[in-house]
Amino acid sequence: MALTGVSTVSEESESGNKPFLLRALQIALVVSLYWVTSISMVFLNKYLLDSPSLQLDTPIFVTFYQCLVTSLLCKGLSTLATCCPGMVDFPTLNLDLKVARSVLPLSVVFIGMITFNNLCLKYVGVPFYNVGRSLTTVFNVLLSYLLLKQTTSFYALLTCGVIIGGFWLGIDQEGAEGTLSLTGTIFGVLASLCVSLNAIYTKKVLPAVDHSIWRLTFYNNVNACVLFLPLMIVLGELRALLAFTHLSSAHFWLMMTLGGLFGFAIGYVTGLQIKFTSPLTHNVSGTAKACAQTVLAVLYYEEIKSFLWWTSNLMVLGGSSAYTWVRGWEMQKTQEDPSSKDGEKSAIRV
């Protein structure tokens with residue numbers, strides 16, 4: 001069972017020799033696994049963060065516990081891979097304080113990403129969750145220009161305009177229905193910003209962990225666990241946790257642990273989906289999953305949404321899909337005609 005997230009040449013050639021029906025079945029299973037894991041994690045986190053039956057107001061502790069579970073799973077799989085090398089393929093993980101310090105700046109961004117994601121989910125409904133965090137693509141374009149000096153084509157900017165339009169229309173419709181949470185929306189924007197920063201700085205930090213995503217996951221989560229402790233004390237979450245009526249409930253800790261397992265699994269199934277398809281297909285699958293998640297949330301919570309509310313979701317999802325398609329088309333065009341890079345510089349770019 002390979003958990004390294006890196007496919008070897010032999011694996012790629014082997015997958016290329018498989019019958020079409022078998023490969024199609026594998027892809028369908030992997031995509032389904034990604035959808036089920038991702039959607040389940042969102043609904044479970046919503047339950048832990050904002051359930052009337054739990055009444056647990058400790059979002060930092062919930063995030064801390066999920067990071068703790070991920071760290072322990074990484075270390076456990078590393079130990080298992082050392083003891084049984086033929087059964088599990090996982091990198092060796094030994095905590096190095098020097099490496100942990102090198103990863104620390106990224107870990108701060110990582111903490112912001114997962115914390116703001118959970119805080120957004122706490123204050124907004126699951127149906128609005130995707131729209132509330134829809135500006136990641138826009139921040140990717142903006143930060144790529146500000147930090148990396150990378151320009152973006154006119155057509156890609158148009159798709160970003162559609163996303164921004166859908167975002168604002170979604171806010172307007174949530175306000176019209178009386179369900180808008182300004183706090184949750186702000187957290188959603190901050191989460192989008194942190195997701196973009198995380199993607200940019202991950203590339204810079206990867207050499208410190210030998211370009212291993214699982215080593216980076218381990219160090220990010222260990223650093224997060226350490227940094228979350230003073231946050232929980234300052235925000236008074238430890239006192240709230242001690243006064244929590246379900247603290248000794250086996251069901252509560254089962255749900256908390258399951259949330260941590262989903263948090264770990266989403267990284268694995270994401271890499272698996274990219275391995276069996278492509279980064280472009282993964283983005284398309286993520287957009288389709290977001291659409292299905294929104295529909296499921298509206299049905300589950302028995303909400304009635306206006307035409308314009310659905311239009312805002314379609315604008316966000318359509319703009320994201322169009323951006324993915326445009327960037328994929330531009331990359332393919334560049335690979336087919338390397339000299340087009342020079343031509344692109346003289347074209348309309350911002």
Side-chain angles (χ1 to χ4, degrees), residues 1-12 15 27 30-31 33-35 37-38 41 63 66-82 85 87-115 117 136 140 143-144 148 191 194-227 259-283 285-286 289 324:
M1 181 176 63
L3 286 169
T4 55
V6 179
S7 57
T8 62
V9 176
S10 60
E11 286 175 335
E12 291 175 354
S15 62
I27 291 173
V30 167
V31 171
L33 183 62
Y34 169 76
W35 279 39
T37 303
S38 181
M41 183 175 67
T63 312
Q66 291 175 347
C67 290
L68 179 63
V69 171
T70 299
S71 302
L72 294 175
L73 280 172
C74 286
K75 185 59 180 176
L77 286 170
S78 173
T79 304
L80 188 61
T82 303
M87 187 172 65
V88 177
D89 183 11
F90 200 86
T92 303
L93 299 177
N94 294 310
L95 187 59
D96 187 330
L97 293 180
K98 184 179 179 181
V99 176
R101 285 194 297 269
S102 301
V103 177
L104 187 59
L106 174 64
S107 298
V108 173
V109 176
F110 171 75
I111 288 171
M113 179 181 71
I114 58 178
T115 302
N117 265 325
T136 299
N140 281 342
L143 294 176
S144 293
L148 306 177
C194 288
V195 169
S196 300
L197 286 171
N198 185 74
I200 291 173
Y201 285 109
T202 292
K203 296 179 181 178
K204 295 183 177 182
V205 174
L206 273 174
V209 290
D210 300 326
H211 296 276
S212 170
I213 292 296
W214 285 117
R215 283 197 182 96
L216 182 59
T217 299
F218 174 69
Y219 278 103
N220 263 338
N221 282 275
V222 168
N223 283 342
C225 288
V226 174
L227 294 176
L261 289 172
F262 276 127
F264 172 84
I266 192 64
Y268 175 58
V269 296
T270 297
L272 202 63
Q273 182 170 243
I274 293 173
K275 174 184 173 182
F276 277 89
T277 57
S278 67
L280 179 62
T281 305
H282 167 67
N283 288 334
S285 173
K289 186 273 304 180
T324 299

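In this text, all values refer to a predicted model and were calculated from it rather than measured experimentally.
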Looking at every non-hydrogen atom in both residues, tell me the closest pair between [X] and [Y] and how far apart they are.
X: Gly260; Y: Val69; value: C-CG1, 3.7 Å
X: Ala81; Y: Phe90; value: CB-O, 3.6 Å
X: Phe218; Y: Cys74; value: CD1-CB, 3.9 Å

I want to check something: taking the side chain as every heavy atom from C-beta on, are [X] and [Y] in contact at a cut-off of under 4.5 Å?
X: Thr70; Y: Gln66; answer: no
X: Ser285; Y: Tyr34; answer: yes
X: Leu93; Y: Thr79; answer: no
X: Leu104; Y: Leu227; answer: yes
X: Thr202; Y: Phe110; answer: no

Exercise. Kindly write out the residues that satisfy side chain to side chain donor-acceptor pair (under 3.5 Å) with Thr63, not counting sequence neighbours, or none if the list is empty.
Key: Asn118
Exercise. Assess whether side-chain contact (heavy atoms from CB on, under 4.5 Å) is satisfied between Asn94 and Lys75, documenting all intermediate values.
Key: CA-CA 8 Å; Asn94 294 310; Lys75 185 59 180 176; 3.7 Å; yes
Quiz item: Under the side-chain contact (heavy atoms from CB on, under 4.5 Å) criterion, do Phe264 and Leu77 qualify, and how do the steps go?
Solution: CA-CA 12 Å; Phe264 172 84; Leu77 286 170; 3.4 Å; yes
Self-check item: Derivation and outcome, side-chain contact (heavy atoms from CB on, under 4.5 Å), residues Leu216 and Leu106
Solution: CA-CA 10 Å; Leu216 182 59; Leu106 174 64; 3.6 Å; yes
